[in-house]
Amino acid sequence: MTPDRTRLARRLLLGTLVVVSGAVAWSLRRPAVRPGSGEGQAAPAPGQGTTLGEMSVLRFQAGERKVEIRARSAGGKEGEATRFLGVEVRMPYVSEGGPSNVTITADECLYQAEPVRASFRGQVHVKTDDGFELWSETLKYWGDEDRVFSRDDVRFERGTTSGTAHGMEYRGGYGLDLQQNVRLHLEDEAGPPTDIEAAAAHASRDDHEVQFWGSVVVRQGGRELRSDRLQLNLSADMHSVERAAAIENVDLVAAPGAGLTGAAPGAAPAVEQGGRKRLRCRRLNVAFRAKGVLQEAIAVNSASLEIEPSPREVQERRRVAAPQLRFDFDEQGRLVSLQGLPARQTDPAAPRQAILTAEPLAPAEGGLRRVQSDTFLAAFDPESGAVRGATFDGAVTASEPGRRAWAARGTYDDGSGLVTLTGDPRIVDEDGSELRGRRILIGSRSHDVKASENVRHTMASKGGRGPQGSSPGGAGPKGMLQGEEPTVLFCREFDYDESTRTARYRENAVLRSGTDELRAPTIVLEERAEGRRLTASGGTTSILHPRPGNDAAKEPQKEPAKPPVPIEARSREMVYEEAANRIVYKGEVEIRQGDILSKSPEAVVTLNASGDAVERMVAGEPVEVTQGARRATGQKGTYTPDDQTLVLVGDKVVLYDTDRQLDGRIVTFVVGSDRIRVDGREEVRSEAVLRRKEPPKP
């Protein structure tokens with residue numbers, strides 16, 4: 001609203017001039033002046049009352065007021081009242097601290113001295129020196145009750161302000177009533193015209209207040225406000241509105257391209273972006289600065305703001321709802337912040353938290369996005385109306401298709417496009433995967449995710465979805481990341497790159513999948529079309545628990561096989577390829593199972609078809625194997641968990657055992673056994689069986 005437009009109440013109260021005019025003109029209670037008699041409290045001097053043809057002129061003075069009544073003729077009496085025809089009353093009054101005059105004309109006037117009453121009929125016209133005019137078919141003044149009223153249609157205007165009503169009444173000390181079908185029209189050069197409709201209106205100069213009620217409608221440009229009541233509180237000089245309140249069933253609609261509010265002259269629109277906007281609540285309170293510039297607006301009781309997109313924007317409907325919505329404006333009347341705040345709700349079913357939603361509209365795809373919290377604060381750029389950032393506090397819950405998030409606090413920065421969650425934040429994907437940390441950052445544009453401090457990422461079992469719940473392949477082999485139990489990763493710093501579908505776990509990263517475990521300074525998990533790839537670097541340590549062979553399943557009469565002992569591996573780097581069901585260790589590889597330790601530059605672990613058990617492990621080239629006091633070297637060593645044997649092969653396999661050395665092509669070790677088999681180089685295969693002279697060392 002412009003400053004001129006905020007003077008609405010003043011313009012409306014111009015109707016009070018009618019009653020002021022009538023009150024002053026006819027409040028001669030004690031001096032009962034009879035037309036032409038010259039009698040009264042102050043007797044008129046000679047020549048004050050004269051008759052020229054059919055024109056009667058009556059001049060008299062009551063105190064400091066000089067009143068002149070002209071009439072074309074006297075039309076007789078009706079009871080105690082005298083009829084004047086073609087009447088014109090002219091008298092002075094004080095307007096805004098200065099002298100002014102009012103003139104009333106009518107086809108006829110009935111004047112009664114005791115009690116003082118006057119009734120104007122036929123083409124009644126009231127005009128003041130400052131430009132106010134009123135028209136009606138009737139206008140009555142009852143001096144004994146200090147009332148001026150009309151039961152007919154009235155029309156009034158001053159400059160670019162005009163209005164109509166059916167019936168009006170002024171009473172001293174009470175104010176002015178416009179009784180039915182109130183219509184006001186206000187125009188100025190600062191903006192589009194304003195129209196107000198209401199069933200009735202009341203204005204009080206003493207209370208500095210104007211009220212409209214009964215299906216109130218206010219229209220200005222592309223904005224329309226509807227409510228059951230509208231109340232305006234005016235400044236002491238009656239020149240501007242200090243506060244306004246729309247009450248019950250408040251519905252404010254702004255057309256596409258128009259803001260919810262107008263702007264001060266020369267100021268940029270508060271919010272001119274977007275399509276149609278709709279604000280609904282039970283009460284809307286508005287406060288103004290000096291000169292009618294907007295200061296704040298508060299919507300309470302089930303307040304909601306709905307914004308449709310413009311054709312150039314993302315096609316989604318945005319909605320903000322809260323027990324209380326507060327809009328704050330800068331000194332130029334431009335929107336700078338919007339808050340969702342708690343407040344007492346009269347409707348028990350109304351939500352107690354602030355809720356923000358974004359719903360895609362055709363042809364846009366996607367699902368509903370929603371953020372809920374105890375309070376929120378959004379900051380706007382006053383020039384463009386764009387969101388600068390937002391803060392959500394207390395029981396924050398966010399959801400979008402396939403994902404939900406919780407935190408005690410959330411912030412959004414538009415410059416960086418980052419949403420920051422703190423206060424035990426967590427994100428859960430639709431498959432049950434969960435990310436926790438002390439702080440989680442989400443890229444609103446890139447959809448990248450970062451987490452820091454006490455990061456815990458749990459990937460649901462049997463899923464096949466990636467770190468953020470999106471997998472190109474859907475359900476697939478279990479692998480070391482998808483066993484019967486969830487896979488859990490711990491680290492200090494985590495980041496996920498949506499463009500490359502890569503998750504990085506840094507600083508003391510740990511992966512646990514069931515009883516299997518991997519430790520490394522850095523673990524990287526990539527999602528590829530052919531399957532996931534996991535890389536650990538900086539010095540890795542892993543523990544794998546091979547599953548026993550399936551002999552018991554083939555021969556139910558047999559006892560279940562004893563579980564193989566765990567495989568412990570150390571290396572500079574480890575790579576797991578889900579599609580190939582393979583784990584590759586590189587760089588100073590040490591692998592221990594039970595009492596057997598192998599050392600090699602590289603080792604490859606092959607998993608079974610389902611990816612949930614070790615099928616074999618190959619180390620080399622070369623490879624060194626130790627078992628207690630025995631040591632053997634060769635080109636390649638192969639371990640199979642079904643029979644828990646490690647077979648060392650090469651052109652020259654050397655076995656060192658206490659005080660002897662044996663050469664061969666194949667040496668077979670059995671985990672936990674004191675027997676070793678060495679095969680010779682002869683065509684006819686020879687075999688030596690050695691028994692250890694000491695128990696195996698762990």
Side-chain angles (χ1 to χ4, degrees), residues 1-9 190-191 194 208-211 216 218 220 223 225 227 229-236 239-248 250-254 258-273 277-307 320-345 354 356 374-393:
M1 300 175 72
T2 65
D4 286 341
R5 201 156 275 114
T6 60
R7 299 190 180 110
L8 166 63
T194 299
H208 305 101
E209 183 179 275
V210 181
Q211 293 190 44
V216 180
V218 181
Q220 184 191 57
R223 290 174 288 274
L225 170 67
S227 62
R229 292 171 52 200
L230 176 64
Q231 178 176 308
L232 306 177
N233 296 96
L234 311 178
S235 60
H239 284 188
S240 62
V241 176
E242 292 184 340
R243 296 184 306 278
I247 304 167
E248 295 297 339
V250 180
D251 193 349
L252 173 58
V253 176
L260 285 173
T261 60
V271 178
E272 294 298 327
Q273 298 180 342
K277 306 168 187 68
R278 187 174 189 180
L279 175 66
R280 287 181 282 189
C281 58
R282 290 194 61 182
R283 185 182 180 100
L284 176 62
N285 297 321
V286 183
F288 300 89
R289 304 180 191 273
K291 299 182 180 180
V293 177
L294 279 167
Q295 179 176 345
E296 68 177 22
I298 301 176
V300 296
N301 269 334
S302 301
S304 67
L305 172 62
E306 193 172 276
I307 303 175
V320 182
Q324 180 181 153
L325 289 175
R326 173 171 175 159
F327 303 79
D328 289 294
F329 303 85
D330 66 7
E331 294 183 353
Q332 298 182 51
R334 301 174 301 185
L335 183 67
V336 293
S337 69
L338 168 61
Q339 298 181 67
L341 300 169
R344 187 178 66 180
Q345 295 282 67
L356 290 78
D374 291 343
T375 66
F376 80 87
L377 168 63
F380 294 85
D381 183 297
E383 295 289 341
S384 65
V387 176
R388 282 180 169 173
T391 300
F392 304 86
D393 272 312

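Only this structure's heavy atoms are used, side chains among them; waters, hydrogens and symmetry mates stay out.
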Using a 4.5 Å cut-off on heavy atoms from C-beta on, say whether the side chain of Arg223 contacts that of Lys277. no
So, does Arg289 use its side chain to make a donor-acceptor pair with the main chain of Phe329 at under 3.5 Å? yes
Nearest heavy-atom neighbours spanning Ala322 and Gly340: CB-CA, 3.9 Å
Quick one: does Asn285's side chain get under 4.5 Å of Arg243's, heavy atoms only? no
In Leu305, Leu252, Asp251, the residue satisfying side chain to side chain contact (heavy atoms under 4.5 Å, CB included) with Arg278 is Asp251
How about Ser337 and Arg388: do any of their side-chain heavy atoms sit closer than 4.5 Å? no
Heavy atoms, side chains only, cut-off 4.5 Å: are Pro342 and Thr375 in contact? yes
Pair Leu225-Val250, side-chain contact (heavy atoms from CB on, under 4.5 Å): steps then yes or no: CA-CA 7 Å; Leu225 170 67; Val250 180; 3.8 Å; yes
Once you round to the nearest 0.5 Å, how far does CZ of Phe376 lie from CG of Leu341? 8.0 Å
What is the distance from atom NE2 of His208 to atom CG of Leu232, rounded to the nearest 0.5 Å? 14.0 Å
Test side-chain contact (heavy atoms from CB on, under 4.5 Å) applied to Phe380 and Leu338, step by step: CA-CA 8 Å; Phe380 294 85; Leu338 168 61; 3.6 Å; yes
Which heavy-atom pair separates Ser227 from Ile247 by the least distance, and what is that distance? CB-O, 3.9 Å
Please step through side-chain contact (heavy atoms from CB on, under 4.5 Å) for the pair Glu331 and Val293, ending with a clear verdict. CA-CA 7 Å; Glu331 294 183 353; Val293 177; 6.0 Å; no
Any Leu234 side-chain heavy atom under 4.5 Å of Val241 side chain: yes
The reported gap from CZ in Arg283 to OG in Ser302 (rounded to nearest 0.5 angstrom) is 15.0 Å
Return the minimal non-hydrogen interatomic distance between Thr194 and Gln220, and the atom names on each side. OG1-NE2, 3.2 Å
What I'd like to find out is whether the side chain of Arg326 reaches to under 4.5 Å of the side chain of Glu296, using heavy atoms alone. yes
Residue pair Leu294 / Phe327, side-chain heavy-atom distance below 4.5 Å: no
Identify the heavy atoms of Ala343 and Gln324 that sit nearest to each other, and give their distance. CB-NE2, 3.6 Å
